[in-house]
Amino acid sequence: LDTDLLELSASATTSFNASGTLEIRRGTVLDNGSDFFDGVGNLTMTGGLYKFNDFVPTAGTTFYPRLSGNYNVTGGTIELAAITNTSAKFQILRGSKTYHNLKISGASSNGGYKGVSNAIVVNNSLNITGTSIFDTDSKSVTGNAGVAMDGGRWRISKLTNAQPELSGSY
């Protein structure tokens, strides 16, 4: 994609092998739940937006982004954007990865939420917006990122350090 105005979504589920890489430089890549990119491939982002509108009925069964290989995310934004408005709707960010910008959006209520599978690092910004609920439980969210909240909630139950652990501005 050579402009930030373009959107790309898979026309079918596309699985990457370990030597494959999804590279996002500009524009928006959408995961709508029926057609998406997955597999053991890698993710590289220097710009753009990777937006997830899909949710799963059981927390911990699918992680976003779906690619499980190496991540080199030095720009752009990962956005968990699904409406998680019942106790059977979740979005879980893939943990043990480093992200540049992370946006938590879309409504959350009635037991639905966005979460993380393991500790993550965010190096530029964490933005929580709307009525979304970001529940990181006892998992670390560290890095140089600042936090911006114009709505929503960030639930943290980790007790071992001062919270939040991000070192940027609030």
*Steps toward side-chain hydrogen bond (donor to acceptor under 3.5 Å, both in side chains) verdict (D38, S15)*: CA-CA 5 Å; D38 73 355; S15 292; 2.6 Å; yes
*When you measure from the side chain of R94 to the backbone N and O of P65, does any donor-acceptor pair fall under 3.5 Å?*
yes
*Does a donor on one side chain and an acceptor on the other come within less than 3.5 Å for S157 and D137?*
yes
*Answer yes or no: is there a donor N or O on one side and an acceptor on the other, between the side chain of S167 and the main chain of G143, under 3.5 Å?*
yes
*Side-chain donor-acceptor pair under 3.5 Å between N32 and S9, yes or no?*
no
_Membership question, hydrophobic clusters at under 4.5 Å side-chain separation (ILVMFWY): are F36 and L30 in the same one?_
no
*Between T44 (side chain) and E23 (backbone), is there a donor-acceptor pair under 3.5 Å?*
no
*Determine the minimum heavy-atom distance between I120 and G95, stating which atoms define it.*
CG2-CA, 3.7 Å
*Minimum heavy-atom separation for F37 to R66, with atom names?*
O-CB, 3.3 Å
*Taking C-beta and beyond as the side chain, do I104 and T129 meet within less than 4.5 Å on heavy atoms?*
no
*pair V40-F16: side-chain heavy atoms closer than 4.5 Å*: no
_Heavy-atom closest contact (S108 atom, K114 atom, distance)_ = OG-NZ, 3.4 Å
*R155 with D135: basic N within carboxylate O range, under 4.0 Å*: yes
*L126 versus L166: any side-chain heavy-atom pair under 4.5 Å?*
yes
*Under the 3.5 angstrom rule, does the side chain of E79 hit a backbone N or O of L102 as a donor-acceptor pair?*
no
*side-chain contact (heavy atoms from CB on, under 4.5 Å) between L43 and V73: does it pass, once the steps are laid out?*
CA-CA 7 Å; L43 174 64; V73 180; 4.2 Å; yes
*Check whether any side-chain N or O of N17 sits under 3.5 Å from a backbone N or O of G41 as a donor-acceptor pair, and report yes or no.*
no
*OG1/T14 to CG/D35 distance, rounded to the nearest 0.5 angstrom?*
8.0 Å
*Quick one: OG1 on T160 to NZ on K158, what's the gap to the nearest 0.5 Å?*
4.0 Å
*Taking atom types as modelled and ignoring hydrogens, do the side chains of E165 and T142 form a donor-acceptor contact shorter than 3.5 angstrom?*
no
_Closer than 3.5 angstrom, by distance alone: can the side chain of N42 be matched with the main-chain N or O of Y71 as a donor-acceptor pair?_
no
*asked:* Is it the case that the side chain of S132 and the backbone of A81 share a donor-acceptor pair, with hydrogens and angles ignored and the cut-off at 3.5 Å?
replied: no
*asked:* Restricting to non-hydrogen atoms, name the atom on I78 and the atom on Y99 that form the minimum distance, rounded to 0.1 Å.
replied: CG1-CD2, 3.7 Å
*asked:* Quick one, H100 and M45 - any side-chain contact, counting heavy atoms below 4.5 Å?
replied: no
*Looking only at non-hydrogen atoms, find the nearest pair between I133 and R153 and report the distance.*
CD1-NH2, 3.0 Å
*Between L49 and K103, does a side-chain contact (heavy atoms from CB on, under 4.5 Å) hold up when you go through it step by step?*
CA-CA 10 Å; L49 171 66; K103 183 175 182 180; over 6 Å; no
*F90, I128: one ILVMFWY side-chain cluster at the under-4.5 Å cut-off?*
yes
*Tell me, do I156 and P164 make a side-chain contact under 4.5 Å, heavy atoms counted?*
yes
_same_hphob_cluster(I83, V56) at 4.5 Å side-chain heavy-atom cutoff_ = no
*Could you please spell out the steps behind the ring-ring contact (aromatic ring centres under 6.0 Å, His included) verdict for F134 and Y113?*
CA-CA 6 Å; F134 188 40; Y113 61 86; 9.6 Å; no
*Rounded to the nearest 0.5 Å, what separation is found between the OG atom of S105 and the CD atom of Q91?*
8.0 Å
_Residues D54, K89: salt bridge by 4.0 Å N-O rule_ = no
*What are the two closest non-hydrogen atoms of N118 and S96, and how far apart are they?*
CB-OG, 3.5 Å
*Following the transitive rule for hydrophobic clusters with a side-chain heavy-atom cut-off under 4.5 Å over Ile, Leu, Val, Met, Phe, Trp and Tyr, establish whether I92 and L67 coincide in one cluster.*
yes
*So, do L6 and T28 sit near enough that their side-chain heavy atoms are less than 4.5 Å apart?*
no
*Single-linkage hydrophobic cluster, 4.5 Å side-chain cutoff, V122 and L80 together*: yes
*Any Lys/Arg nitrogen of K51 or E7 sitting under 4.0 Å from an Asp/Glu carboxylate oxygen of the other?*
no
*Working for side-chain contact (heavy atoms from CB on, under 4.5 Å), residues V141 and W154*: CA-CA 11 Å; V141 178; W154 183 3; 4.0 Å; yes
_For N101, is there any backbone N or O sitting under 3.5 Å from a side-chain donor or acceptor partner on N124?_
no
